[in-house]
Amino acid sequence: VHIAILASILSLIIYWLIRDSHRVRNLSGKHVFITGCDAGLGNSLAKWLDKRGFCVIAACSTVKGGQELQSCSSLSLKTVELNLADPNSIARAVVFVTEETAGKGLFGLVSNAEGTAPVAPTDWLRIEDFHSALDVGLLGLIEIALKLLPLLKKAEGRVVNLINAKGLMAFVGGGYSLSKWGTEAFSDTLRREMQHFGVKVSIVEHSYFTAGVVTSDVIERDLLRLWNRLTPEIRDSYGEKYFVE
């Protein structure tokens, strides 16, 4: 029994030593670019990394979001406006990050991309309903990663893709779950390819985050909007009873 206890304590000590050896040292001068920082998880992460001493570059979808984040952060935190559905906006953000890192490379890219998508049966939807989620939550995430890979390789940095775990349960139609499954596949492929360059790629699957929870009122409003635009043939195939229930 005593030997087992001593072995357990020794194992814990070894684990702590290994864990501590992997902690990032000398945080000053290390740049981390985070998308989706207006509110929620991206916003909280930007503030936390800023307090830890990283040089945070926070991408916000609105000027107001950037101003509010800067007002409660250090002077070293920089913000840039970014619309992941707009290639021109992505290009401008990449130029901004390149200038801010000043030849040092990018230590970290954290993608917190959340595209909006209506929750409804698949044949209630149009192709633009899929684009509303995929353009931001998958294609925008991929494009920003591709354009920042040279900076990440230069710093032997890391890519962290944040994925809401509820998107991995494909129980409704639309592009939301597609974007999450697609991000998983992209991350797994990129991880193997970037290993040669010393770039780490991780996925963090998180649960609901209070600031980003979609309310039942929003879901009901979307359902009503989609129901009202259905062709008579599709509406009749479901019937009024289906919609009410």
Side-chain angles (χ1 to χ4, degrees), residues 32-43 45-46 57-62 65 80-94 97 106 108-152 157-194 199-209 211-214 218-219 222 226:
V32 179
F33 179 56
I34 310 170
T35 67
C37 294
D38 293 81
L41 190 54
N43 184 277
L45 180 61
I57 305 172
C60 299
S61 60
T62 63
V80 60
E81 196 171 347
L82 174 63
N83 176 6
L84 283 171
D86 180 2
N88 293 324
S89 180
I90 291 175
R92 289 192 294 270
V94 169
V97 173
L106 184 62
L109 166 62
V110 182
S111 286
N112 178 40
E114 282 285 303
T116 58
V119 177
T122 298
D123 63 348
W124 290 26
L125 304 173
R126 298 173 182 170
I127 193 63
E128 55 264 30
D129 297 316
F130 287 84
H131 277 293
S132 66
L134 293 173
D135 287 350
V136 172
L138 180 59
L139 297 178
L141 176 147
I142 292 174
E143 185 171 359
I144 198 75
L146 292 178
K147 291 190 172 180
L148 289 174
L149 279 179
L151 295 179
L152 289 160
R158 64 280 323 275
V159 178
V160 180
N161 291 326
L162 305 182
I163 301 176
N164 194 321
K166 74 176 186 288
L168 300 177
M169 299 178 287
F171 57 89
V172 291
Y176 189 79
S177 292
L178 292 177
S179 70
K180 302 309 170 190
W181 283 89
T183 299
E184 292 264 352
F186 173 70
S187 302
D188 288 343
T189 303
L190 191 65
R191 182 183 302 113
R192 290 189 291 271
E193 296 170 346
M194 288 296 107
V199 176
K200 299 176 182 178
V201 180
S202 303
I203 300 168
V204 176
E205 296 174 357
H206 61 88
S207 187
Y208 284 93
F209 201 80
V213 174
V214 178
V218 173
I219 295 174
D222 274 341
L226 296 173

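Qualifying side-chain contact (heavy atoms from CB on, under 4.5 Å) partners for Ala120, counting only residues two or more places apart in sequence or in other chains: Trp124, Leu125, Leu223, Leu226. Partners of Asp129 under the salt bridge (Lys or Arg N to Asp or Glu O under 4.0 Å) rule, at least two apart in sequence or in another chain, are Arg229. Every residue two or more places apart in sequence or in another chain was checked for a side chain to side chain donor-acceptor pair (under 3.5 Å) with Asp86, and none qualifies. Remark: Asp123 pairs with no residue by the salt bridge (Lys or Arg N to Asp or Glu O under 4.0 Å) rule, at least two apart or across chains. The salt bridge (Lys or Arg N to Asp or Glu O under 4.0 Å) test applied to Asp38 returns no partner, not counting sequence neighbours. Remark: Leu139 pairs with Asp135 by the side-chain contact (heavy atoms from CB on, under 4.5 Å) rule, at least two apart or across chains. Taking Leu146 as the reference, Ile142, Leu149 meet the side-chain contact (heavy atoms from CB on, under 4.5 Å) condition, with sequence neighbours excluded. By the side chain to side chain donor-acceptor pair (under 3.5 Å) test, Ser187 is found to be paired with Asn161, residues two or more places apart in sequence or in another chain being considered. With sequence neighbours excluded, no residue satisfies salt bridge (Lys or Arg N to Asp or Glu O under 4.0 Å) with Arg92. Every side-chain contact (heavy atoms from CB on, under 4.5 Å) that Glu193 has, sequence neighbours left out, goes to Thr189, Leu190.
Between Leu151 and Phe33, the closest side-chain pair of non-hydrogen atoms is not below 4.5 Å.
Within the structure, salt bridge (Lys or Arg N to Asp or Glu O under 4.0 Å) pairs that include any residue of residues 140-149 comprise Glu143-Lys147 (at least two apart or interchain).
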